[in-house]
J.: 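Here you go, one structure.
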Amino acid sequence: MSEERHLVERCLAGEQLAMVELVDRFRGPVFGLALRMLGHRHDAEDVCQETFFRAFRSLHTWDSARGFLPWLLAIVGNRCRTRLSQRQRSPQWVELAEEPTQRAGEQDDGGLLEEVTLGLQQLRPEYREAFLLLHQYNLSYPEIAQRLDKPVGTIKTWIHRARRDLLEHLRRRQVVEGSTDAMS
Amino acid sequence: MQCHEFERQLQFWLDDCAQCDQVATDLPAELVEHSRSCRGCSALAADYRTLFGALGQLKEVDLLATIPAGVAERATVTPASRDALAVHGAVAVRRQQADRSPAFGIAIAALVLVACSWLFTPSPHQSSSPVAVAEQADATDLPPQDAALIAAISQAWRSNRGETWVARTTGGLSNLNLVSATMSAATQWLQTRSTPWEQLLQASGNAAARTDGLVASQGSSVLASQEPTPDDFADHGLSLLEWEQPSLGTMLTLAGWQSMALPTEMLDGNLFEKPQWLLQVADGISPMANTMAGTITALLRALPQDEDPPATDDRGARSVPLDIRYDRAICLG
């Protein structure tokens, strides 16, 4: 934490190398969340770029008592939601998702990962964001609740539903072979 | 234990353990005991193991370094841009997966520096238009020595402030003027650095590009000499769409570059929408120099400062003017 704070302080002091270092350190998770949220590389690049712009503009507002990454991921989430809402108002581009070529018992890791990625895209955006923040970025429930401005109970419900929907997707695609009875 | 209790406890356990790496393997003993006697619950637990195993692997994937095979080509090639690229015959296209990640990162870093220079550097008020700045860069006062200069111009145009500037630059100046001025500067800059560019091509391992070379037509560059007109585009077999929404590939083609070893999505993408690609092209030739910050500062000081800064919230701010926004639905159609 102190290292992050020091890095931010250097940025606020106008040290340009520190700005590059900060971007380099966090662009991976920022781009990753954007890509998982949007499912489109070009949009994710744009959101990544916008996120860092906005982060630097508001750098002085960051509360150093809290983690920098959760703060940054909250900006990514905001930008992704904005982008998703813009998509709804404009003509839709077609996601060229490929049909799985392998079925349960014979899929390799790549096929499974592709199916999970596809399943993530089909979750409701708020479920997806909460789910990713927990499972991919290791934020705690209170941190997610704070960043998404929702009660912890709501976040737990969203994540539970995300897991359920994701598992249901995998079953529908015959990637796993569980009983749907237990999901109800 | 009943099945619904198993499900409930499993969810609690997932909540508690989701942030460790044990999720996919170690169920609590009482859950294991029940799952052994219940096929449905056993399957449920197995499915979650599969899911969480995959999620663990997803964490390890470096998204910045990967491009889904074929997706970029399928999603971005348009008939207009394909025709444009076909004008000059062989256009070497190669996806540079390995190079993309650092280039993109550097591009973002450069653009962030642009923003930061604007944020942290007090600048006097001046009223030059971005077109004037670009033209100035094309002349001698502010030579395009650095890729960041190009990125700064593109980004300035692209931002909300740039939208205002464009609106103010009436009197016959169109959006394309800025792009052409920018590309003119970029082209001249590229032409002065042929050797590193050849090195880049060789590094890309593209045999076709190496054979054809990157040939700049001497004295025939439309962009370097004058502002392009619709007739110029027509002379090169380019469509009205390309006139209104030029791609990087089109602009480079017009500038006289016969062959480019660049990813398809970069050549076909709308330059308005992807200024960072322009930087990537330049950045592939020469890493950002130490003079970048000074160049950016000089550029920004030449830009008007009397506009309100772009909105910092998420309510309604947009980074690309809608009227020139590239529409992917049309592309796919």
Side-chain angles (χ1 to χ4, degrees), chain A residues 11-14 16 19-20 22-24 27-28 31-32 35-36 40-42 44-46 48-50 52-54 56-58 78-79 81-82 86 90-94 96 109 112-113 115-117 134-136 138 140-141 156 159-160 163 166-167 170-171 175-179 181-183, chain B residues 3 6-7 11 14-15 18-19 39-41 43-44 46-48 50-55 57-59 61-64 67-68 71-72 74-76 104-105 107-109 111-113 115-117 119-121 265 269 273-274 276 293 309-310 312 314 317-319 325 327-332:
Chain A
C11 291
L12 287 171
Q16 293 177 340
M19 298 169 193
V20 174
L22 190 134
V23 171
D24 192 52
R27 68 189 172 92
F31 180 76
L35 185 57
R36 297 261 188 253
H40 192 275
R41 182 167 291 270
H42 297 171
E45 287 178 354
D46 284 349
C48 190
Q49 183 172 296
E50 292 168 12
F52 280 110
F53 273 127
R54 287 167 185 269
F56 276 98
R57 280 179 193 152
S58 307
N78 289 339
R79 299 313 308 154
R81 283 193 294 276
T82 301
Q86 287 172 344
S90 61
Q92 297 294 299
W93 49 273
V94 179
L96 296 169
D109 288 347
L112 176 60
L113 295 185
E115 285 295 341
V116 172
T117 302
L134 180 75
H135 289 300
Q136 296 287 289
N138 296 343
S140 67
Y141 281 109
K156 284 190 174 183
I159 290 173
H160 168 69
R163 283 195 206 115
L166 200 50
L167 214 52
L170 296 180
R171 286 172 172 163
V175 178
V176 296
E177 296 179 296
S179 164
D181 296 340
M183 297 295 293
Chain B
C3 290
F6 176 90
E7 162 75 0
Q11 293 298 333
L14 291 172
D15 285 344
Q19 295 181 50
R39 187 176 176 182
C41 290
L44 180 65
D47 289 350
Y48 271 120
T50 302
L51 172 60
F52 280 88
L55 290 172
Q57 292 182 49
L58 279 181
K59 283 184 184 176
V61 175
D62 183 1
L63 292 170
L64 280 167
I67 298 176
V71 171
R74 290 198 305 271
T76 58
F104 177 57
I108 290 181
L111 293 172
V112 166
L113 281 178
C116 292
S117 297
L119 283 172
F120 299 114
T121 305
E265 66 265 30
E273 189 180 359
K274 293 291 179 184
Q276 66 264 36
T312 57
D314 295 309
R318 53 195 170 93
S319 57
R325 175 78 184 188
D327 183 20
R328 294 191 180 91
I330 294 175
C331 298
L332 290 169

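Letters go in sequence order (proteins before strands), and every chain restarts at 1.
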J.: Report yes if some heavy atom in the side chain of B:Thr50 is under 4.5 Å from a heavy atom in the side chain of A:Leu170; otherwise report no.
T.: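 In short, these two side chains do not touch, never coming nearer than 4.5 Å.
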
J.: Would you mind checking which part of B:Ala46 comes under 4.5 Å of any heavy atom in chain A, side chain (CB onward), backbone (N, CA, C, O), both or neither?
T.: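 No part of B:Ala46 comes within 4.5 Å of chain A.
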
J.: Between A:Arg163 and B:Leu51, which heavy-atom pair has the shortest distance, and what is it?
T.: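 It is O-CD2, 4.3 Å.
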
J.: Could you pull out the closest heavy-atom pair between A:Leu113 and B:Ala54, with the gap in Å?
T.: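 The answer is CD2-O, 3.3 Å.
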
